[in-house]
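Counting convention: from 1, in listed order, for ligands and their atoms alike.
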Amino acid sequence: MADTIETLLKETRTFKPPADFKRRAAVRSAAIYRQASNGRLRFWASQARELEWMKRWHKVLDWKPPHAKWFVGGKLNASVNCLDRHVRTAKRNQVALLWEGEPGDRRAITYWELYREVNRFANVLKGLGVKKRDRVAIYLPMIPEAVVAMLACARIGAPHSVVFGGFSAESLKDRINDAQVRVLITADYGHRRGRRVELKQNADDAVAGCPSIEHVVVVQRDRVDTKEASAVAMKPGRDHWYHDLMREAKPSCKPAVMDAEDMLFILYTSGTTGKPKGIVHTTGGYLTQALATTRLVFDLRDDDVFWCTADVGWVTGHSYIVYGPLAAGVTCVMYEGTPDWPDKDRFWDIVERYGVTVFYTAPTAIRTFMKWGAEYPKQHDLSTLRLLGTVGEPINPEAWMWYHRHIGRRKCPIVDTWWQTETGGIMITPLPGVTTTKPGSATVPFPGIDATLLDDDGNEIKTGGGFLAITSPWPGMLRTIYGDDKRYRDTYWSKWPDIYFPGDGAKRDEDGYLWILGRVDDVLNVAGHRIGSMEVESALVDHPAVAEAAVVGKPHELKGQALSAFVILRSGYAFSDGLANELKQHVAKKIGAIARPDDIIFSADLPKTRSGKIMRRLLKDIASGRALGDVTTLADPNVVATLKKKYEGTE
Ligand code: PRX
């Protein structure tokens with residue numbers, strides 16, 4: 001990423017909010033920042049009042065570092081906020097989800113219809129014995145039933161754990177076992193790039209190793225009339241068709257009264273060890289931040305059509321497909337497939353057809369669109385778009401400018417939003433009617449968020465580079481790591497006392513703008529997806545040919561980072577292209593295709609410091625071609641050892 005960072009820091013262009021955007025914007029004045037900093041808790045309380053509470057809280061924040069309780073004593077239900085309160089108004093017949101499947105099938109689901117489906121499915125879950133606090137896993141394609149399942153869990157107070165449909169059977173198994181899940185909701189299959197993704201097969205392989213699972217509910221993706229058409233095996237007593245259960249279920253289910261601090265969901269994300277972390281989010285604070293940021297960052301109103309292109313398997317899908325936009329009562333687009341199916345204009349076709357007004361995607365997608373060329377968006381009328389957003393990784397100024405020109409037609413503000421699975425909602429971002437933007441900068445903290453830069457000793461850095469730090473608790477913050485509070489303390493709260501360490505490096509310029517530079521730990525960001533180097537290393541050493549492995553990131557034009565794996569073979573194995581491919585495949589099978597290394601570099605040893613630490617900087621330099629040139633065809637495994645000398649003492 002070195003080249004990108006260099007260009008990032010030389011960027012001087014600025015973009016004021018366009019006058020006509022500002023005139024209609026929800027927030028037009030910077031006074032909101034002053035108000036929030038003069039009374040942080042008052043600001044968040046006023047945001048929480050935008051929700052419907054069954055009982056008002058008696059204390060906004062109870063902070064016993066590193067544990068926060070927000071809206072203490074408050075009671076509410078997330079599904080009531082996303083559904084019931086809308087169906088009591090004229091919104092009842094407004095479309096909640098404009099869904100499109102990859103093969104081109106479409107469904108428009110109103111708030112009323114979604115409400116009925118969620119109620120029914122909540123009763124289905126109850127019928128399967130799911131009670132408040134029982135965990136439910138959701139392993140589905142991007143179909144409306146994923147939203148129904150999440151909200152139905154919320155309705156009865158059962159925390160959901162959504163597992164991205166691209167994860168392998170083994171990843172699903174580990175996540176189910178970690179949270180001791182009782183019910184799994186999956187589909188027979190999904191559609192991706194014209195092929196079937198065999199979710200039920202994966203689910204079966206996973207559940208074979210999950211003693212806690214009692215029931216598996218299977219959605220029929222193509223809603224065909226005959227069960228045989230799905231051609232998946234159903235295990236009697238354990239597996240049930242979604243449509244069979246729904247047919248019998250009553251359409252009304254009383255919402256559970258949830259404490260503000262009751263768990264809403266667990267979402268697994270990668271860390272610096274081999275084991276993913278179950279990030280725990282609770283109800284009142286999370287929903288407050290999801291709604292506040294949806295309203296103020298995306299400036300959403302009743303007539304907007306909002307499209308967040310993330311998958312519900314990631315936090316972006318949780319907060320900005322489901323909880324934020326539905327609590328705000330807007331119409332959301334949801335799309336199942338890839339941007340290049342059947343052709344490279346699919347996204348722009350969708351924008352045009354539904355008249356999308358606010359569009360939120362990842363830099364890796366923008367770089368891919370850039371490579372495909374401006375002729376694809378040009379084929380479509382994108383004039384309904386009025387605001388654009390990005391998330392997930394640093395955006396290089398060139399991609400920002402392309403997005404501005406070719407998608408935003410130089411008219412739309414761009415909000416570059418920095419946040420994490422752990423933060424629950426957006427933390428650093430422009431407000432589109434207020435903030436002057438700079439290509440590549442996430443700009444300034446959201447009102448009510450205390451984010452700054454610190455050095456190793458906790459001294460504040462006014463201008464220059466440092467570690468990003470969040471110095472006060474915020475409503476959407478994770479509450480712990482499921483089943484491992486020690487890891488929670490160690491990972492996030494041990495670098496500085498009572499200050500949250502997100503693991504990112506950043507720079508602050510003379511105007512106080514933050515430029516996020518990327519992770520400073522061993523977490524990698526491939527195409528906006530978080531992957532732990534140790535997770536991939538464990539997958540590699542699980543292969544019989546591998547004695548030892550080290551995985552590092554190298555800059556990649558489209559994906560931001562790609563994975564390079566250095567591998568020492570066990571005796572009896574010889575390096576070959578065939579084995580390299582086998583190892584890549586092995587990782588994809590163990591974790592999921594997103595973790596497949598681009599390169600496998602066979603090595604006679606791994607360069608280590610005298611204290612035994614792997615010299616990652618050397619490996620990164622080799623992987624990115626800085627030390628050796630192209631390494632994909634590295635022939636001499638001893639070369640790493642010879643290079644090591646040069647680097648000794650530099651780590
Ligand atoms: O490194 C930061 C990067 O993504 C990480 C969080 O990943 P995840 O938990 O999967 O959540 C992604 C979606 C919220 C961060 O630690 N990141 C996220 N947004 C940005 C970013 N880096 C730079 N700019 C952003 N806007």
Side-chain angles (χ1 to χ4, degrees), residues 1 4-5 8 11 162 164 166-167 266-272 276-279 281 286 289-290 293-294 297 308-321 323-324 360-367 388-397 399-400 403 414-430 435 437-446 449 451 467-470 476-478 481 491-492 500-507 513-532 535 553 559-561 592 594-595:
M1 213 65 183
T4 319
I5 289 168
L8 199 67
E11 182 57 50
V162 183
F164 172 56
F167 276 125
I266 306 171
L267 184 57
Y268 286 84
T269 190
S270 295
T272 51
K277 306 176 275 195
I279 302 300
H281 282 290
Y286 169 80
Q289 193 167 341
T293 49
T294 299
V297 176
C308 163
T309 69
D311 191 286
V312 287
W314 309 112
V315 74
T316 310
H318 282 59
S319 302
Y320 301 108
I321 294 177
Y323 289 109
Y360 189 35
T361 198
T364 186
I366 299 166
R367 288 191 293 265
L388 305 175
T390 75
V391 60
E393 47 174 328
I395 182 163
N396 44 314
W400 196 102
Y403 197 33
I414 297 178
V415 287
D416 173 359
T417 62
W418 177 89
W419 58 294
Q420 308 178 298
T421 307
E422 291 87 340
T423 69
I426 293 170
M427 300 289 279
I428 302 176
T429 178
T435 316
T437 54
K438 304 182 185 187
S441 168
T443 72
V444 293
F446 184 77
I449 298 294
F467 300 108
L468 196 58
I470 318 291
M477 66 190 270
L478 77 165
I481 290 174
T491 308
Y492 305 109
Y500 175 82
F501 172 53
D504 278 9
K507 190 192 130 113
Y513 277 43
L514 293 165
W515 302 72
I516 314 293
L517 303 176
R519 304 287 309 189
V520 293
D521 52 12
D522 294 334
V523 171
L524 304 166
N525 193 327
V526 178
H529 299 317
R530 238 167 104 163
I531 296 167
E535 272 175 84
K559 297 192 272 192
Q561 276 187 316
I594 55 166

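Among Phe164, Trp419, Tyr268, Tyr320, the one residue that satisfies the ring-ring contact (aromatic ring centres under 6.0 Å, His included) test with Trp314 is Phe164.
Evaluation of the side chain to side chain donor-acceptor pair (under 3.5 Å) rule for Tyr513 yields no partner, not counting sequence neighbours. Under the ring-ring contact (aromatic ring centres under 6.0 Å, His included) criterion, Trp400 pairs with Phe15, His404, not counting sequence neighbours. The salt bridge (Lys or Arg N to Asp or Glu O under 4.0 Å) test applied to Lys438 returns Asp509, Asp511, not counting sequence neighbours.
The two atoms that bring Pro363 and Glu393 nearest to each other are CG-O, 3.4 Å, heavy atoms only.
At a 4.0 Å heavy-atom cut-off, the residues surrounding ligand 1 are Val315, Thr316, Val391, Gly392, Glu393, Pro394, Asp416, Thr417, Trp418, Trp419, Gln420, Thr421, Asp504, Ile516, Arg519, Asn525, Arg530, listed by chain and number.
A donor-acceptor contact shorter than 3.5 Å is absent between the side chain of Glu422 and the backbone of Leu478.
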